[in-house]
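This report refers to the structure that appears directly beneath it.
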Number of protein chains: 2
Amino acid sequence: MSRENATSIDVARRAGVSQSAVSRVFTPGASASRQTVEKVRKAANELGYRPNSLARAMVSGKSRIIGLVVAYLQNQFYPEALEKLSNELQERGYHVLVFLAARTVGNVDDVLDEILDYQVDGIIAASVALSSDLSNRCRIAGVPTVMFNRSQDDLAISAVTSDNYAGGRKVAEFLIAGGHERIAFMAGWEGASTQRDREAGFRDGLQDAGVPLFARGVGNFEFDQARNATRQMFSGDRDTWPEALFVANDHMAFAVMDTLRAELGLNIPDDVSIVGYDDVPAAAWPSYDLTTVRQRTNQMIRATVDILLSEIENEGAAPCQVRIDGPLVLRGSALTAKGK
Amino acid sequence: MSRENATSIDVARRAGVSQSAVSRVFTPGASASRQTVEKVRKAANELGYRPNSLARAMVSGKSRIIGLVVAYLQNQFYPEALEKLSNELQERGYHVLVFLAARTVGNVDDVLDEILDYQVDGIIAASVALSSDLSNRCRIAGVPTVMFNRSQDDLAISAVTSDNYAGGRKVAEFLIAGGHERIAFMAGWEGASTQRDREAGFRDGLQDAGVPLFARGVGNFEFDQARNATRQMFSGDRDTWPEALFVANDHMAFAVMDTLRAELGLNIPDDVSIVGYDDVPAAAWPSYDLTTVRQRTNQMIRATVDILLSEIENEGAAPCQVRIDGPLVLRGSALTAKGK
DNA sequence: ATGAAAGCGCTAACAA
DNA sequence: TTGTTAGCGCTTTCAT
């Protein structure tokens, strides 16, 4: 019983007007007399007519589709961002075509081609590093692109991040103020700008206070790898263990805390202070109660969408780099100056 | 410097062949001589030509886009499913246009219209209940639809779920075998078939053993609501508290456990046994170590995609309902028969 | 195997 | 304000 869709021609015939009149009635900025509008609307309703977005896209050159490249959704930060991005864009009349990319270089390349094939109006690369080669391709294709939660040296591509450097610095200052001496760092994936900037800020903060970095592990932003790195970091004599640890994101911080408590019987924060980065929902759950640097997701999303749409809608818009500062949220996983 | 895309006409001119020859070279099932193929491929590469998916979709009537409606991504189960769905479809040459729907009826309605406007080849409704009215609309529009992790009475729409009823039953039997007497249930959103079926199986399981349901709360699948419902359930005298609790999904189970431990100082499982449903990644994290019913996500995704694509590719394919059984995964959050 | 020609459903000049 | 006309870039008959 699958009846075919009605076209604007069917509606025109039924309403006794021209096909272009129908088009005008369904085109926001167009002009049509009250009479025509009524006749057309009526006929359209009777036939269940709705304009075909694809045909519209072809002729207008605007698909109202945004390609979203995203790498992996394990980290709670991304589903949240995806949800908000999609909502924000939906409200503005755009839709999101999702492309999942493995964290390998070649893959992002293929995916980018597929995206461009769909004539997307813009691209958001969330947590994916774009090589300068790729960003060139986007520019050549004339497709505005914004990187979300990643940045790069090429200033020709817009990027929105939190102020990762400042965040890392805040953590260093906080831990030092808390009276800690053996302070360590657990790194994420080294290819990520977030990782690099957080670590740079953290290290500079320590250095300014004359405190050396006591230990360093690498968890690659993965839960299991963070567990292993933790085991390694806490494997020797007890006096080789750090007493405070900045973990490059919350997702890994949960792994660290679980490992420390379940396997070594340590108390957090009495034996070890832990600080994360992101402030994902679970950071506020009582089991973790994690002190962490908040990413202001709403503001970051808003900025991303604003920039992208302005680049789409006015040709001339210059690319820009936005860094949004976020506060250190104090919870129970790290000793404070007073607490000590 | 944004050079426009090359079209098949440009390639044809450069290769010295007709435009349709170019089309054939880029159309899987078409025929062209070795020579033509070579000439065309060469010219295409030089011009950076790739076929325009939208134009292709218009004329062929196949967009190779699947509309994915999804409600909310807080629950870890959905990002995981989304990731796998998207990957599976990408491998099969389809792409996912995501539509976020609030859990309100009207909204799903609007969203469905927008989806159909994009001439999607199929729809996956993940964790969204489709009214029979809506499913009718899909049928009329001739767009195959599969519900993922939800089912409904209308057998004309395909649905893939885990065997929620059987799962609920397993939990009842397990808790009874564990020697518990005061057994309670924490419900999810009552509009969800998953909630209903899990509860029905659970209740039938209790009843068959002659054990009454000791208490019931409602958490609506939300973390905070589950916390409140927990406080309420554990508010009176200690002998009015349940000693075992089946929570309708893992996401709420975490809230329950956190509340019980942090606010009431209870020990899990010694004071209360907790069982969840889904087996999301965090269920295996040491902080929760949650006994739970596993949803076999991979199998569910596979089935969903298989069914959808077969309905798309062979007109005749009859809708079907698939229920995939999942095991009860024993961890440390509930006493076992031996443990007691 | 190949080219010419007819659209897919729509928007956007252009006249009237 | 309205209708007429010309495409958007492609696939797909239909001849050759």
field: First-last contacting nucleotides on DNA chain C - partner chain A, under 4.0 angstrom, heavy atom
entry: C:dG9 to C:dA13
query: Which residues pass the side chain to side chain donor-acceptor pair (under 3.5 Å) test with A:Y49, sequence neighbours left out?
result: none
Pair A:E46 + A:K42, salt bridge at N-O below 4.0 Å: yes
task: Tell me, please, which residues at least two apart from B:Y94 pass side chain to side chain donor-acceptor pair (under 3.5 Å).
output: B:E313
message: List the residues meeting salt bridge (Lys or Arg N to Asp or Glu O under 4.0 Å) with B:R50, not counting sequence neighbours, and say none if there are none.
response: A:D117
task: May I ask you to list the residues of residues 30-39 of chain B, by number, that have any heavy atom positioned under 4.0 Å from an atom of DNA chain D?
output: none
- request: For the pair B:S310 (side chain) and B:I307 (backbone), establish whether a donor and an acceptor sit closer than 3.5 Å, ignoring hydrogens and angles.
  value: yes
- request: Assign a letter to each nucleotide of nucleotides 8-16 of chain D from its 5' end: B, base within under 4.0 Å of a protein heavy atom; S, sugar-phosphate only; -, no contact.
  value: BBBBBB---
Anything under 3.5 Å between a donor and an acceptor, one on a side chain of residues 58-65 of chain B, the other on a protein residue two or more places apart or in another chain? List them.
{"unit_1": "B:S60", "atom_1": "OG", "unit_2": "B:R56", "atom_2": "O", "d": "2.8"}
{"unit_1": "B:S60", "atom_1": "OG", "unit_2": "B:K62", "atom_2": "N", "d": "3.1"}
{"unit_1": "B:S60", "atom_1": "OG", "unit_2": "B:K62", "atom_2": "O", "d": "3.4"}
{"unit_1": "B:S63", "atom_1": "OG", "unit_2": "B:I65", "atom_2": "N", "d": "3.2"}
{"unit_1": "B:S63", "atom_1": "OG", "unit_2": "B:Q119", "atom_2": "O", "d": "2.8"}
{"unit_1": "B:S63", "atom_1": "OG", "unit_2": "B:D121", "atom_2": "OD1", "d": "3.4"}
{"unit_1": "B:R64", "atom_1": "NE", "unit_2": "B:G93", "atom_2": "O", "d": "2.9"}
{"unit_1": "B:R64", "atom_1": "NH2", "unit_2": "B:R92", "atom_2": "O", "d": "3.2"}

Terminal helix-axis angle for the helix from C:dA1-D:dT16 to C:dA16-D:dT1, with five pairs defining each axis and rounding to 10 degrees: 40°
Partner residues of B:R13 under the salt bridge (Lys or Arg N to Asp or Glu O under 4.0 Å) criterion, sequence neighbours left out: B:D10
- prompt: For A:S158, which residues count as a side chain to side chain donor-acceptor pair (under 3.5 Å) partner, sequence neighbours excluded?
  reply: A:E311
query: Who passes side-chain contact (heavy atoms from CB on, under 4.5 Å) against B:L82, sequence neighbours left out?
result: A:L73, A:L82, B:L68
field: Test side chain to side chain donor-acceptor pair (under 3.5 Å) applied to B:K84 - qualifying residues, sequence neighbours left out
entry: B:E80, B:N298
